[in-house]
Structure formats: C-alpha cells, structure tokens
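Quick notes on the structure that follows.
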Amino acid sequence: MNNVKLLKKLILTSLLMFAFAFALVPLYDVFCDITGLNGKPNMEQAQVSAKSDESRSVRVTFITHAQAGAPFKVKAKRYSVDVSPGEMERIEFIAQNLSSSNKIMQAVPSVAPGRAAKYLHKVSCFCFNQQPLTSKGSADLPLLFYLDETLPNDIHEVTLSYTIYDITADVEGKVASNSKRDGELVNENSI
C-alpha cells in the first residue's frame, strides 16, 4: 500500500516538473517584459522612418563579442553615435575571419535596456543574414537603423550588442544532409 502512495507521489511530482519546465519559456518572457532585461530586438526589416524628434538626443553604443572559439573579430567603426529618435543612422562594422579556412558567421543582436528593444528598428542589418568570410578575409558590414520617435523620454542611452557565432559546421551539415536526401530521392525515383 505504501509503495502505491509513493508511486503516485513520484508520478505527480514528475508531471509537475514537466509542466514547470514547459512553462519556463513563457514565464521568462514575462519576467523580461516586467524587468526590462534581455532586450530581444525585432529581427524583421523595418520601414524607413518618416519623422524624427529633433528636440532630444540618445546615445547608441555598439558592442560585439565572439562566441568562445569563434575565429572572428567584429568591431563597429564608431563605438557610439548620438541620434535623435526617428533619425536614420548608418554604422559600418568590420568583420575579420582570423582562421585559415573559409567560415560562415551569424550575428545575434541584443539591446539594453531591454525595454528599448521594441523601439530600435533596423532597416538593414548584417544580422539578418549569414555572413561568409574567406580565410583571413574581411568585410564591411552595414547597419541602417533608427530609434522610434515614441522612445520613452527617460531612456538616454541604448546599447546594441552583437554576439558573433561560427555557424560553418551547422551550414555545411545542412548542405550535406540536403544533398544526401536529394541523392536518396533520385535513387528511389530511378528504381
């Protein structure tokens, strides 16, 4: 009888743990919205700004860092800029492949403070696409952005941070996998 009670408690505990783990992502998003942490900017291309608020200026700072082991060096040509909300700004980044083989990088942006993320609009960004770089090669990568004119007045500084990932193995794995599947389909169709 005690074993049945224990089994029921263990099953209930397991179900509760599963439900909690399943709910963590939405709970984390709610937590981030409330606290303003972990600013996830919109990754869709924005429309060009039509109006600007010339009465104030906001400093936008650019930070980049590569994932551990990623053979890339990416740096903004200007560390920071002062912009009026609604004003279009173009920033150039320089990306270098430090390895002796061709690589593919992907930049993932983050905004601080987190509540400013929904006001930062990227019209053109190197983070929208994978960036192939030849061995020891470099490239100029543009960013065209603006801050929405409805940016809250208490936000005077925004930091746009990019984490750079080496996705070469992932891309090559997908290409090889797709080629293998295509070959299997050809073989199946030829029978």
Side-chain angles (χ1 to χ4, degrees), residues 24-68 70-98 103-134 136-167 170-171:
L24 274 178
V25 172
L27 288 174
Y28 180 74
D29 287 340
V30 169
F31 173 77
C32 289
D33 287 342
I34 291 170
T35 62
L37 296 174
N38 193 25
K40 295 185 247 175
N42 190 345
M43 288 299 290
E44 295 182 16
Q45 183 176 4
Q47 299 297 316
V48 175
S49 175
K51 57 183 179 173
S52 64
D53 178 1
E54 301 291 329
S55 68
R56 64 188 181 127
S57 181
V58 178
R59 174 151 293 178
V60 181
T61 304
F62 307 97
I63 298 173
T64 59
H65 59 279
Q67 159 198 27
F72 302 111
K73 181 178 178 186
V74 179
K75 186 176 181 180
K77 289 184 179 179
R78 293 186 284 169
Y79 175 71
S80 65
V81 293
D82 293 327
V83 298
S84 296
E87 174 187 358
M88 298 293 295
E89 187 69 39
R90 181 182 173 93
I91 299 293
E92 293 285 332
F93 287 78
I94 300 171
Q96 296 175 303
N97 176 359
L98 305 175
K103 296 288 183 180
I104 302 170
M105 65 171 239
Q106 179 71 54
V108 177
S110 180
V111 176
R115 64 191 184 102
K118 67 181 179 180
Y119 301 100
L120 183 114
H121 303 292
K122 295 184 288 304
V123 175
S124 174
C125 182
F126 60 94
C127 63
F128 292 156
N129 303 307
Q130 300 167 351
Q131 302 295 327
L133 292 170
T134 59
K136 303 292 183 188
S138 64
D140 288 341
L141 305 174
L143 165 66
L144 182 61
F145 77 97
Y146 66 95
L147 294 171
D148 197 285
E149 62 275 356
T150 62
L151 178 76
N153 289 329
D154 64 329
I155 297 177
H156 304 288
E157 186 169 350
V158 174
T159 301
L160 178 56
S161 173
Y162 288 99
T163 302
I164 311 300
Y165 293 94
D166 181 1
I167 60 167
D170 296 336
V171 171

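Residue numbers run from 1 in the order of the sequence given. Just so you know, these numbers use all the heavy atoms, side chains as well, and skip hydrogens, waters and symmetry mates.
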Output the distance between atom [atom1] ([X]) and atom [atom2] ([Y]), rounded to the nearest 0.5 Å.
X: Cys127; Y: Leu143; atom1: SG; atom2: CG; value: 7.5 Å
X: Leu147; Y: Met88; atom1: CG; atom2: CE; value: 11.0 Å
X: Gln131; Y: Ile167; atom1: CD; atom2: CD1; value: 9.5 Å
X: Leu120; Y: Tyr146; atom1: CG; atom2: OH; value: 9.5 Å
X: Tyr79; Y: Arg59; atom1: OH; atom2: CZ; value: 9.5 Å
X: Ile91; Y: Leu141; atom1: CD1; atom2: CG; value: 13.0 Å

Restricting to side-chain contact (heavy atoms from CB on, under 4.5 Å), what partner residues turn up for [X], sequence neighbours left out?
X: Lys73; value: Gln96, Leu98
X: Ser57; value: Asp82
X: Ala70; value: Ala66, Gln67, Phe72, Asp166

Applying salt bridge (Lys or Arg N to Asp or Glu O under 4.0 Å), name anything that partners Glu92, two or more places apart in sequence or on another chain.
-> Arg90
Hey, is the main chain of Val83 close enough, under 3.5 Å, to the side chain of Glu89 for a donor-acceptor pair?
->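 Flag not set: sc Glu89 to bb Val83 has no pair under 3.5 Å.
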Backbone N or O of Thr134 within a donor-acceptor pair of the Asn97 side chain at under 3.5 Å?
->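 It does hold such a pair.
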Is Lys118 paired with Asp148 through a side-chain N to carboxylate O contact shorter than 4.0 Å?
->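 Lys118 and Asp148: not salt-bridged.
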Does the side-chain contact (heavy atoms from CB on, under 4.5 Å) test come out yes or no for Met105 and Val74, once each step is laid out?
-> CA-CA 10 Å; Met105 65 171 239; Val74 179; 3.9 Å; yes
Does Val58 reach the side chain of Pro85, with side-chain heavy atoms less than 4.5 Å apart?
->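 Yes, close enough: below the 4.5 Å cut-off.
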Taking only residues two or more places apart in sequence, or in another chain, which ones meet Phe145 in a ring pair (Phe, Tyr, Trp, His ring centres under 6.0 Å)?
-> Phe62
Do any side-chain atoms of residues 151-161 form donor-acceptor pairs under 3.5 angstrom with protein atoms, and if so which ones, sequence neighbours left out?
{"unit_1": "Asn153", "atom_1": "OD1", "unit_2": "Arg56", "atom_2": "NE", "d": "3.4"}
{"unit_1": "Asn153", "atom_1": "OD1", "unit_2": "Arg56", "atom_2": "NH1", "d": "3.4"}
{"unit_1": "Asp154", "atom_1": "OD1", "unit_2": "Arg115", "atom_2": "NH2", "d": "3.0"}
{"unit_1": "Asp154", "atom_1": "OD2", "unit_2": "Arg115", "atom_2": "NH2", "d": "2.4"}
{"unit_1": "Glu157", "atom_1": "OE2", "unit_2": "Thr61", "atom_2": "OG1", "d": "3.4"}

